[in-house]
There are 2 protein chains.
Amino acid sequence: MSRTEPISRRERPSKPPLSRAAIVDAALSIIERDGADKLTMRRLAGELDTGPASLYVYVKNTTELNAQLIDRLLKELDLSWDGVEPWRERLRRVLSDYSALLTSRTELANAALLVWPDGANYLDLIELLVRLLLSGGVSEQTAARSVDLLLQHATASAVEWAGHARQDGQDLADLTATLASADEARHPNLARLGAAVFTDGGHDERGRWAIDTLLDGILARSE
Amino acid sequence: MSRTEPISRRERPSKPPLSRAAIVDAALSIIERDGADKLTMRRLAGELDTGPASLYVYVKNTTELNAQLIDRLLKELDLSWDGVEPWRERLRRVLSDYSALLTSRTELANAALLVWPDGANYLDLIELLVRLLLSGGVSEQTAARSVDLLLQHATASAVEWAGHARQDGQDLADLTATLASADEARHPNLARLGAAVFTDGGHDERGRWAIDTLLDGILARSE
DNA sequence: ACCTGAACACCGTTCAAGT
DNA sequence: ACCTGAACACCGTTCAAGT
């Protein structure tokens, strides 16, 4: 008999075999195409031409998948340092790169706060942060803790920004209205400062201010 | 005919009328009884003996409900200041109270990062923070921005802690294993610091360190 | 006007059964 | 051994219809 493959009946001729890597790839392309909020186990299974149960052979649960995804995304970060660019500037740059990476992927940003995204690229990022801090004269113990604080800030900023951009019904107008209604007797300081509490300066400028403030605090710990 | 109420047939004799306040109350009791992760629109409707559609007469969506809930929870915070307790200590205390309030309510902690929880109690909290900062000699502009940074840190810490306590399959052991596997050539600094990056010091001590670092940074901005 | 049953369009995860 | 159909146990939100 001739060796015509009976499998060749299928439309998509060679459905690639499932694997952890194939799943992460498919997840990434859903995120790029439809947005991170559209990434679900069921949709991901659909993308791979199978049922959702099949994914659970390769990933334990959604949390684990997210951790994997975050690490994969981190690969896109430039983590080099020429040693010429001042360490403080390099630190600012890598943190805002990291934030930007997550801001357009709301659900992942959220996951990044909840999971410890273990993985080689995450380690690379931490390594760079530690290296920069040490070169700035920060003590080893302080550097270790600062990494946490800096990444927490960058991640939380991404979550906030992604959330506010999404605007689930809320907007800045509501907030400034609430603030304007602040009773002068009950909130004398707020009444004086007004909307500056929330809106003073642009996003970039505030981000830069925050990182500089963090760094000043960190440097103060190292004397 | 006698004026026997036909309504008295019902088991729970007087189902309270729906209202925004009643909904928030019911939501709070679900959170207290079953945990914040069990709070859903459908369950909430069940608690109030009605269908989920009825809730949408009083709240726009889940996000709005969460904002409401956070403000209500904030009412439980002690926001007084005798002016005798050093401002820095008072600030530390209110921030860790706020964190603790959210840590046991995972989903709300998450929401607190995403929504601007407008409401009277939130304003009270901000007012206290501004007041403490100003009394510490911080400039008005710096105080306004610092409030953001301090609350972001406290909220993000609550989210992280709640998440790690939940342990969706991940645990510290995984992470320290990853860290131990850090290639010495690729991650010389990490290899030297080891697990200290993640585990040095207890939760409370690290929290205190972070707030002090933040405050030192803030004070450095004000000279 | 105020409320809601029922439907729409989804979820994550498990498990028994198939190859 | 590896994979998956089908089911379990849910979601948030809308809308046409009822009182």
Side-chain angles (χ1 to χ4, degrees), chain A residues 5-7 9-10 12 14-24 26-27 30-31 34-69 106-108 110-111 114-115 163 166-170, chain B residues 5-7 9-10 12 14-24 26-27 30-31 34-69 106-108 110-111 114-115 163 166-170:
Chain A
E5 297 277 336
I7 306 106
R9 188 90 57 78
R10 251 178 275 156
R12 284 200 233 175
S14 58
K15 168 170 138 176
L18 279 184
S19 70
R20 217 180 160 91
I23 289 173
V24 172
I30 289 177
I31 289 176
D34 308 314
D37 55 318
K38 291 297 185 325
L39 175 65
T40 64
M41 289 304 220
R42 295 182 103 104
R43 206 177 270 254
L44 181 52
E47 184 88 1
L48 291 160
D49 258 326
T50 181
S54 306
L55 303 178
Y56 290 83
V57 178
Y58 302 96
V59 292
K60 193 156 52 172
N61 52 37
T62 310
T63 303
E64 207 210 57
L65 177 65
N66 280 332
Q68 218 87 38
L69 244 24
T106 327
E107 320 298 311
L108 278 188
N110 224 307
L114 286 165
V115 306
R166 198 155 22 92
Q167 300 258 21
D168 285 320
Q170 278 205 319
Chain B
E5 296 279 336
I7 306 106
R9 191 88 57 79
R10 252 177 275 154
R12 285 201 231 176
S14 58
K15 168 170 139 179
L18 279 183
S19 70
R20 217 182 161 89
I23 289 172
V24 172
I30 290 177
I31 290 175
D34 309 314
D37 54 320
K38 290 298 184 326
L39 176 65
T40 65
M41 288 305 221
R42 294 181 101 103
R43 206 177 269 254
L44 182 51
E47 184 87 2
L48 292 161
D49 258 328
T50 182
S54 306
L55 304 178
Y56 288 83
V57 179
Y58 302 96
V59 292
K60 194 156 51 171
N61 53 36
T62 310
T63 304
E64 207 210 56
L65 178 64
N66 281 332
Q68 217 88 37
L69 245 24
T106 327
E107 320 300 309
L108 278 187
N110 225 307
L114 287 164
V115 306
R166 199 153 22 91
Q167 301 258 23
D168 284 320
Q170 277 206 320

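Just so it is clear, the model here is predicted, and its values are computed rather than measured. Within every chain, numbering begins at 1; the chains are lettered A, B, ... in the order of the sequence lines, protein sequences first and strands thereafter.
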(message) On a heavy-atom basis, which atom in A:A26 and which in A:E47 lie closest, and how many Å separate them?
(response) CB-CG, 4.1 Å
(request) Round to the nearest Å and state the distance from B:D37 atom CG to C:dG12 atom C1'. (result) 14 Å
(request) Rounded off to whole Å, could you give me the NZ-to-C1' distance for the B:K60 and D:dT14 pair? (result) 16 Å
(request) Take atom P in D:dC10 and the same atom in C:dA9, then report the distance between them in whole Å. (result) 23 Å
(request) Any chance you could measure A:I31, atom CD1, to A:E107, atom CD, to the nearest 0.5 Å? (result) 9.5 Å
(message) By the definition side-chain contact (heavy atoms from CB on, under 4.5 Å), identify the one residue from A:V24, A:T50, A:I30 that meets it with A:L44.
(response) A:I30
(request) Would you mind reading off the distance between A:L55 atom CG and C:dT14 atom C1', rounded to a whole angstrom? (result) 13 Å
(message) Taking 4.0 Å as the cut-off, does a side-chain nitrogen or oxygen of A:Y58 come that near to OP1 or OP2 on D:dC3?
(response) yes
(request) To the nearest Å, give me how far apart CG (A:N66) and C1' (C:dT13) are. (result) 15 Å
(request) Could you check which nucleotide pairs with C:dC10 in any of the strands shown, counting Watson-Crick or G-U wobble with both distances under 3.5 Å? (result) none
(message) With rounding to the closest Å, how many angstrom separate the P atoms on C:dC2 and C:dA6?
(response) 24 Å
(message) To the closest 0.5 Å, what do you measure between CG (B:N66) and CG (B:L114)?
(response) 9.0 Å
(message) Tell me the interatomic distance from B:Y56, atom OH, to D:dA16, atom P, rounded to whole angstroms.
(response) 17 Å
(request) Could you please name the option among D:dT4, C:dT13, C:dT4 that lies closest to any side-chain atom of A:N61? (result) C:dT13
(request) Carefully, step by step, assess A:E64 and A:R20 under the rule salt bridge (Lys or Arg N to Asp or Glu O under 4.0 Å). (result) CA-CA 11 Å; A:E64 207 210 57; A:R20 217 180 160 91; 3.4 Å; yes
(request) To the nearest 0.5 Å, tell me how far B:N61 CG sits from B:L55 CG. (result) 12.0 Å
(message) Using Watson-Crick or G-U wobble geometry with both distances under 3.5 Å, which nucleotide pairs with D:dT4?
(response) C:dA16
(request) Treat primed atoms plus P, OP1 and OP2 as sugar-phosphate and everything else as base, then score nucleotides 5-11 of chain D 5' to 3': B for base contact with protein heavy atoms under 4.0 Å, S for sugar-phosphate contact only, - for none. (result) B-B---B
(message) Can you tell me how far apart OG1 (B:T106) and CG (B:D37) are? Round to the nearest 0.5 Å.
(response) 6.0 Å
